[in-house]
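Comments concern the structure below.
So you know, we letter chains A, B, ... as the sequences are listed, proteins then strands, and number each from 1.
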2 protein chains.
Amino acid sequence: MSLPHALLGLLAVRPSSGYELAKAFEGDLGRYAWQAGHTSIYPELGKLAERGLVEVTHEGPRGSRTYAVTPEGRDELRTWLLTPPRQAAKVRNERVLRMFLLSVLDPADALEVLRRITEHTAAEAAELRRIRSDAGPVVAPGAEGFGQLAAEYGLRQYEAVHSWALWAIEQLESRAAAAS
Amino acid sequence: MSLPHALLGLLAVRPSSGYELAKAFEGDLGRYAWQAGHTSIYPELGKLAERGLVEVTHEGPRGSRTYAVTPEGRDELRTWLLTPPRQAAKVRNERVLRMFLLSVLDPADALEVLRRITEHTAAEAAELRRIRSDAGPVVAPGAEGFGQLAAEYGLRQYEAVHSWALWAIEQLESRAAAAS
DNA sequence: GAGCGCATGTAATATGTTACATGATTCA
DNA sequence: TGAATCATGTAACATATTACATGCGCTC
């Protein structure tokens with residue numbers, strides 16, 4: 001259960017309201033690492049506050065409450081990040097599941113899906129490269145670290161899947177040739 | 001909710017008992033794509049059987065029941081695989097979450113974790129390459145497709161994370177140099 | 001003042017995890 | 001015959017999703 005740590009991490013970057021945290025999960029975070037909706041975030045913030053790991057530092061308009069990590073919360077987060085997970089963390093990724101199950105389709109269908117994957121991953125990677133070159137070299141020390149980490153991860157991710165799909169297509173085609 | 005489709009997919013490769021399916025999730029599948037324990041598998045098999053997507057084809061010793069996909073189940077699986085997910089599938093991956101949150105640690109701690117990541121991913125990738133070369137070229141057409149897909153995916157995955165971690169280390173070090 | 005986005009929440013339902021529970025078969 | 005593994009399941013608890021619900025504040 002990593003939601004509390006995800007929240008501590010986001011709040012360690014910048015104090016935020018539950019609403020802002022929910023937005024964060026819709027971006028790169030939810031795309032590559034962890035997702036959560038506001039209906040799980042609000043109760044979890046309550047629990048973290050009870051445990052003294054976060055606190056409300058500001059109340060704004062429309063009943064908004066800005067939370068920040070406490071020193072205890074920062075300790076907890078640091079310990080969690082520095083302690084290697086005892087067991088290889090398991091994963092839930094529907095995209096990858098779909099990829100693996102392609103082998104049960106007949107070759108024509110599988111090829112069709114694999115081609116879609118190569119197109120999609122190429123487009124996403126190109127977009128990330130474009131953004132990166134627009135942004136220019138990273139200078140601001142410490143700032144924006146999070147988004148940069150995510151973007152570079154995403155780029156390598158799409159490249160890896162792209163290369164995998166090309167390999168899979170080649171396999172399928174060479175098998176088809178061998179069978180004929 | 002992808003568990004039913006994961007089960008249909010596994011059973012489409014080969015009819016199996018709930019116990020065998022549970023084992024499958026402990027391997028590459030659970031490592032890269034989707035995890036599930038036996039306590040969710042057994043009830044789900046029951047539901048799939050009720051919906052007519054799988055059926056018991058054999059009862060063995062120790063009360064074991066072998067399930068197989070029905071034609072309806074195969075249709076359902078094919079439709080699911082060929083229909084692109086309307087919305088970008090979200091992800092739950094604790095390892096990636098940990099990677100992204102590294103930016104909240106102080107540089108010395110972050111570097112330590114990043115070095116561990118480079119070592120770990122290099123070792124895993126090397127292991128996968130070793131297995132691949134042991135296995136020799138893939139010849140059996142159709143057979144073993146699943147494990148091969150997973151192994152090649154895993155290899156590219158570890159290479160991607162390795163390269164990402166090296167990039168992140170470089171970033172951190174150049175920032176440290178700029179700040180001094 | 002109408003509509004949109006901000007901002008928070010609860011309730012019902014579904015799903016997943018942990019702990020508990022049982023018994024058969026195989027192999028040393 | 002004792003231990004390990006096969007094989008299935010239930011119950012209690014934790015967590016996540018979906019639907020519902022409310023109201024403020026800003027902008028046109």
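- Take Arg31(A) and apply the salt bridge (charged side-chain N to carboxylate O under 4.0 Å, His left out) test, not counting sequence neighbours, and it matches Glu124(A).
- Scanning for side-chain hydrogen bond (donor to acceptor under 3.5 Å, both in side chains) contacts around Arg92(B) gives an empty result, with sequence neighbours left out.
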Can you give each donor-acceptor pair under 3.5 Å made by side-chain atoms of residues 36-48 of chain A, sequence neighbours left out, with the distance rounded to 0.1 Å?
{"residue": "Ser40(A)", "atom": "OG", "partner": "Gly37(A)", "partner atom": "O", "Å": "3.1"}
{"residue": "Tyr42(A)", "atom": "OH", "partner": "Tyr19(A)", "partner atom": "N", "Å": "3.4"}

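- Judged as a side-chain hydrogen bond (donor to acceptor under 3.5 Å, both in side chains), and not counting sequence neighbours, the contacts of Arg129(A) are Glu159(A).
- In this entry the distance linking OH of Tyr19(A) with C1' of dC26(D) reads 13 Å, nearest Å.
- Listed by chain and residue number, Leu53(A), Thr70(A) satisfy the side-chain contact (heavy atoms from CB on, under 4.5 Å) test with Glu72(A) (two or more places apart in sequence, or in another chain).
- Atom CG of Leu3(B) is separated from atom P of dA16(D) by 17 Å (rounded to the nearest Å).
- The nucleotide range of DNA chain C contacted by chain B, defined by atoms under 4.0 angstrom from heavy atoms of the protein and reported 5' to 3', is dT15(C) to dT25(C).
- In this structure Glu127(A) satisfies the salt bridge (charged side-chain N to carboxylate O under 4.0 Å, His left out) test together with Arg130(A), sequence neighbours excluded.
- Of the residues in residues 21-50 of chain B, those with a non-hydrogen atom less than 4.0 angstrom from any atom of DNA chain D are Lys23(B), His38(B), Thr39(B), Tyr42(B).
- Qualifying salt bridge (charged side-chain N to carboxylate O under 4.0 Å, His left out) partners for Arg95(A), counting only residues two or more places apart in sequence or in other chains: none.
- Listed by first and then second residue, the side chain to side chain donor-acceptor pair (under 3.5 Å) pairs that reach into residues 50-60 of chain B come to none, sequence neighbours excluded.
- For the side-chain hydrogen bond (donor to acceptor under 3.5 Å, both in side chains) test, no residue two or more places apart in sequence or in another chain qualifies with Asp75(B).
- The interatomic distance linking Arg92(A) (CZ) with dT15(D) (P) rounds to 14 Å, in whole Å.
- By the 4.0 Å N-to-carboxylate-O rule, Glu119(A) lies too far from Arg115(A) to be salt-bridged with it.
- In the region residues 51-65 of chain B, proximity to DNA chain D at under 4.0 angstrom, judged on heavy atoms, holds for Arg62(B), Gly63(B), Ser64(B), Arg65(B).
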